[in-house]
Amino acid sequence: MTTSSIFLGYLILLVCLSSRYLTDSFHVGVSPLSSSYHSPFKTTPIHTKLHATSVSCDQRLQIVKDDSSTPPPPPPKVSFSHIHVYTDHIDDISVYKQLEDNLNSFGERIGDLKEIRKNIVEYKQKWENNGDDYCGSLTNEGFVSQGRDLVKQLLAGLGFRITGYLDTKQTRNVLVTAKDPQGVQFVISSVKGEATTREKEKNDDDDRSDYSHFDSRQIKQFYSEHNDRQGIAVLAFQITQGDIESLYERYQAMHPKLLTEDCQSGAIMYKEHGKVTRKILEVYSYYTNDKGGPVDKGTKLRFVQKMMTSSLDDGVGLILPGLIPIEATFDKTCMNAYCDHWVSNVISRTGFLDTLEETLGFTPKVDFNAGVVAAGEAQIESTVTGNDSPLETFDRDEVLKDQSQVYLPINNALNEYSHVYGFLDELGQGVQHIASRVDNLPAFVQRGNDFRKITGEGFTFLKIPRSYYGVLTKELLQQRAQLTEETATSIMECCEMNRIMSMEGAVDLDLNPCDLSDLLSQSLDQDAKDEYETNKNVIVETILRSRYINMHNLLEDALSEETYLSIVRNQILVDVQGKDLLFQIFTSNILQRNAGDEAPFLEFIQRVCAHCADDGCPVGMKAGCGGFGIRNFLTLFLSIEIGKAMLEVSHARASDDEIAMKFSQKKVDAFTAQLNESNPILTAISDAMTEEGRAMEQMQEALSNGDQLAAAEYEAQMEAAAKAKHENNMLLMELNTKYNKMMKSLRLSGAS
């Protein structure tokens with residue numbers, strides 16, 4: 001398995017919510033599996049579950065209860081709290097605090113973050129002279145993602161800091177948070193010494209601590225269930241309304257097998273001075289296969305109810321009992337981040353969806369299946385479920401910081417060619433990635449890239465082809481500048497010859513208008529120069545805008561050129577739904593010992609919510625605005641495949657294998673063609689979904705006002721949008737089928 005194949009999992013991005021209308025499900029037809037492969041994974045279409053509404057989850061709970069006269073307790077309301085990661089090793093806290101000191105000292109001496117990129121060598125020298133030790137490891141081949149310390153990656157790469165810790169007899173634990181303690185929280189734990197391997201002899205007495213969630217036996221059990229690998233072991237939520245006992249009762253009635261051994265009798269209570277300060281309920285997340293069957297004792301869900309303030313509390317950050325607060329300084333380059341969604345790869349998607357509905361009241365929002373979720377032969381299904389947040393505000397900062405809207409996308413595999421299959425086959429069920437929301441994603445990622453290059457520590461990000469953003473073509477010059485074919489050809493040749501444009505048409509991102517104008521004036525032959533001088537301004541503008549022309553066609557002047565270029569430079573995905581924007585990016589794998597190992601990763605997004613209507617009147621901003629990137633999901637999947645094929649081309653070229661090189665290049669060409677053909681269809685689907693949601697909202701408002709005539713008009717608009725969405729879904733499915741057959745034929749020809 002190549003390193004790039006690991007990144008097929010980024011496809012979870014495909015789970016897109018429709019802009020401001022997140023309660024409306026988006027369905028597409030199921031494509032049959034190839035008769036040559038029978039998946040071992042459950043692939044029951046989600047539609048059966050979504051439409052089987054004759055018995056509610058509370059009614060099913062009522063039936064199960066012995067005392068049917070007592071109505072079931074309602075599920076409590078929850079918000080995001082933290083994730084708990086188990087790793088091979090954690091250093092002494094002093095090692096990390098020294099790194100933080102070095103980072104803070106360095107960060108405070110930085111003038112403008114925008115200037116770092118242009119002076120990486122200079123700042124790298126300053127960093128190396130700043131501290132006692134060089135915190136990262138760079139080889140001649142550049143940054144290596146494998147075998148890294150996640151704590152150091154978070155500190156240097158994201159500007160997070162350690163705000164709590166606990167050392168027990170057997171484990172070492174740290175709390176790493178963003179600048180705002182209400183934001184992202186990583187609890188990271190390891191067994192001291194080499195006790196993480198399943199061969200290590202266990203001693204139950206030694207494994208136990210005063211805090212069950214920090215017992216070494218918890219880590220050992222997770223490793224045992226996950227092929228002796230590191231991973232994201234616990235997804236934790238805070239009870240914000242209601243009582244944790246009601247949640248225990250729902251699990252006890254409907255899913256008693258999922259209650260962990262420590263919580264068979266109810267939530268664990270932690271006291272201080274004789275008074276309960278915290279209650280914690282832990283349950284296993286998944287069944288091994290069908291709902292109600294054997295339990296997968298790997299990944300857990302943790303629910304925390306804060307009863308009263310503890311003497312150890314430091315703001316709202318230290319919600320987990322046992323953690324000791326420790327002073328943390330965030331330098332001026334550090335930025336905030338907040339939980340947005342957490343993604344699982346599972347065997348029974350519908351089983352997990354049912355369990356979450358019956359216990360937490362979560363309901364499916366959107367589901368995608370094989371007809372749309374395809375790149376070449378790889379296919380998966382995915383559904384996003386979650387609660388319903390009432391948040392609607394005019395305060396942009398409130399939308400950014402909101403943690404009450406919980407989204408949990410869930411994937412299952414349909415065939416052996418997808419990343420999800422590889423993840424399940426190698427690791428078992430578990431958390432695929434964690435998505436966090438930031439205020440300024442281009443700046444956040446630029447900082448991460450710059451600090452990685454300077455310190456040698458941090459994260460790398462998924463590479464996106466420049467064709468996603470835009471390239472210069474002869475046709476673009478002819479169309480926008482009204483040039484003859486001969487002059488357009490001369491300009492293209494001039495740009496390539498002077499190395500301001502690649503063979504694929506990607507123009508230099510640091511090129512400015514003056515330098516470009518001078519270069520063309522000096523380099524073009526006389527025939528082309530005459531036409532160039534007549535149309536100089538529009539030609540220069542066309543060449544420079546080609547760097548982000550695809551995005552500009554979508555967003556026009558909604559973003560500045562500086563922002564556009566930062567997006568391209570940092571390879572950020574962009575989507576638009578209605579007037580809402582969504583920026584997305586994904587890291588390479590984390591917690592990965594060896595190249596090619598399946599492992600989780602991180603996602604970062606920025607949601608730009610529209611704050612005024614077409615008439616200029618203010619509109620309330622809602623949680624989840626901008627959706628999850630309907631244009632991006634297939635683009636992302638195909639970009640991963642293109643990257644993998646390009647790596648194969650490089651390896652073949654290095655070994656002088658001309659046959660293998662030509663074969664791999666055909667794969668690159670096929671995936672690139674699918675990428676280019678699918679983009680306009682995805683845009684049409686996105687537009688139709690937005691229009692459908694808008695018309696539905698206006699129809700409901702008209703009906704509430706008793707305006708039947710207006711309601712009928714909006715209903716017609718809604719039906720027209722639904723028809724357009726369906727027609728484009730069919731086009732996309734046909735396109736995917738075409739390339740599925742093409743890649744299968746190419747694979748078989750290569751095998752022969």
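With sequence neighbours excluded, no residue forms a side-chain hydrogen bond (donor to acceptor under 3.5 Å, both in side chains) with R653. Considering only residues two or more places apart in sequence or on other chains, Y123 meets the side-chain hydrogen bond (donor to acceptor under 3.5 Å, both in side chains) condition with none of them. In this structure Y564 satisfies the ring pair (Phe, Tyr, Trp, His ring centres under 6.0 Å) test together with Y548, H552, sequence neighbours excluded. Residues passing the side-chain contact (heavy atoms from CB on, under 4.5 Å) test with T487 are L483, T484, I491, A528, E531, sequence neighbours excluded. In this view, K179 satisfies the salt bridge (Lys or Arg N to Asp or Glu O under 4.0 Å) rule with no residue, not counting sequence neighbours. With sequence neighbours left out, the side-chain hydrogen bond (donor to acceptor under 3.5 Å, both in side chains) criterion links D149 to Y96. Taking the salt bridge (Lys or Arg N to Asp or Glu O under 4.0 Å) definition, one finds that D112 meets it with nothing, sequence neighbours left out. Residues that satisfy the side-chain hydrogen bond (donor to acceptor under 3.5 Å, both in side chains) test with T489, not counting sequence neighbours, are absent from this structure. Under the salt bridge (Lys or Arg N to Asp or Glu O under 4.0 Å) criterion, D510 pairs with R117, R569, sequence neighbours left out. With sequence neighbours excluded, no residue satisfies salt bridge (Lys or Arg N to Asp or Glu O under 4.0 Å) with R447. For the ring pair (Phe, Tyr, Trp, His ring centres under 6.0 Å) test, residues two or more places apart in sequence or in another chain that qualify with F451 are F106.
Proximity of M492 to L477: side-chain heavy atoms (C-beta onward) are separated by under 4.5 Å at one or more points. Inter-residue side-chain proximity for R466 and L509 is flagged as met; some heavy-atom pair is nearer than 4.5 Å. A heavy-atom distance below 4.5 Å is found between the side chains of S521 and E533. A heavy-atom distance below 4.5 Å is found between the side chains of V471 and T473. Using a 4.5 Å heavy-atom threshold, the side chains of Q606 and V608 count as touching. For the pair D101/L99, no side-chain contact is recorded, criterion being any heavy-atom separation below 4.5 Å from C-beta on. Considering only heavy atoms from C-beta on, I590 comes within 4.5 Å of F459 through its side chain.
The environment of E475 atom CD is dense: over 12 non-hydrogen atoms of other residues, nucleotides or ligands sit within 6.0 angstrom.
Inspection of the Y532 and S517 side chains reveals an N or O donor paired with an N or O acceptor under 3.5 Å. Side-chain atoms of T393 and D395 include no donor-acceptor pair closer than 3.5 Å. There is a side-chain donor-acceptor pair under 3.5 Å between N512 and D515. No hydrogens or angles considered: nothing links the side chains of E108 and N104 as a donor-acceptor pair under 3.5 Å. Checked by atom type, the side-chain pair T563/S566 shows no donor-acceptor distance below 3.5 Å. Counting only N and O atoms by type, the side chains of D450 and Q446 include a donor and acceptor under 3.5 Å apart. When only modelled atom types and interatomic distance are considered, T87 and S190 share no side-chain donor-acceptor pair under 3.5 Å. Side-chain polar atoms of Q146 and N594 form no donor-acceptor pair below 3.5 angstrom. Of the N and O atoms on the side chains of Y338 and D180, at least one donor lies less than 3.5 Å from an acceptor on the other residue. Between the side chains of D597 and N589, no donor-acceptor pair is found at a separation under 3.5 Å.
In this structure, L591 and I232 approach most closely via the heavy-atom pair CD1-N, 4.4 Å. Minimum heavy-atom separation, I162 to E100: N-OE2, 2.8 Å. Minimum heavy-atom separation, T542 to R480: OG1-CB, 3.6 Å.
Judged by distance alone, the side chain of N550 and the main-chain N or O of S467 form a donor-acceptor pair under 3.5 Å. The closest donor-acceptor contact from the side chain of K332 to the backbone of I110 lies under 3.5 Å. Without hydrogens or angle criteria, E603 side chain to S436 main chain gives no donor-acceptor distance under 3.5 Å. Looking only at distances, a side-chain donor or acceptor of R547 sits under 3.5 Å from a matching main-chain atom of L511. For Q125 (side chain) and V121 (main-chain N/O), no donor-acceptor pair under 3.5 Å exists by modelled atom type.
Applying the side chain to side chain donor-acceptor pair (under 3.5 Å) test to every pair with at least one member in residues 491-503, sequence neighbours left out, gives these pairs: S502-E504.
Between E115 atom CD and I120 atom CD1 the span is 11.5 Å, to the nearest 0.5 Å. To the nearest 0.5 Å, the span separating CZ on R396 from SG on C625 amounts to 9.5 Å. Between the NZ atom of K529 and the CD atom of Q522 there is a distance of 8.0 Å, given to the nearest 0.5 Å. Of the inter-residue distances, the one linking N449 atom CG with T460 atom OG1 reads 9.0 Å to the nearest 0.5 angstrom. Put simply, CG on L150 and NZ on K152 are 12.0 Å apart, with the number rounded to the nearest 0.5 Å.
Aromatic pair F444/F604: ring centres closer than 6.0 Å.
Under a 4.0 Å N-O distance rule, the pair E457/R148 qualifies as a salt bridge. The pair K114-E562 meets the salt-bridge criterion, since a charged nitrogen lies less than 4.0 angstrom from a carboxylate oxygen.
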**Request:** Quick one: do Q665 and D669 satisfy side chain to side chain donor-acceptor pair (under 3.5 Å)? Show the steps, please.
**Result:** CA-CA 6 Å; Q665 187 59 51; D669 295 342; 3.0 Å; yes
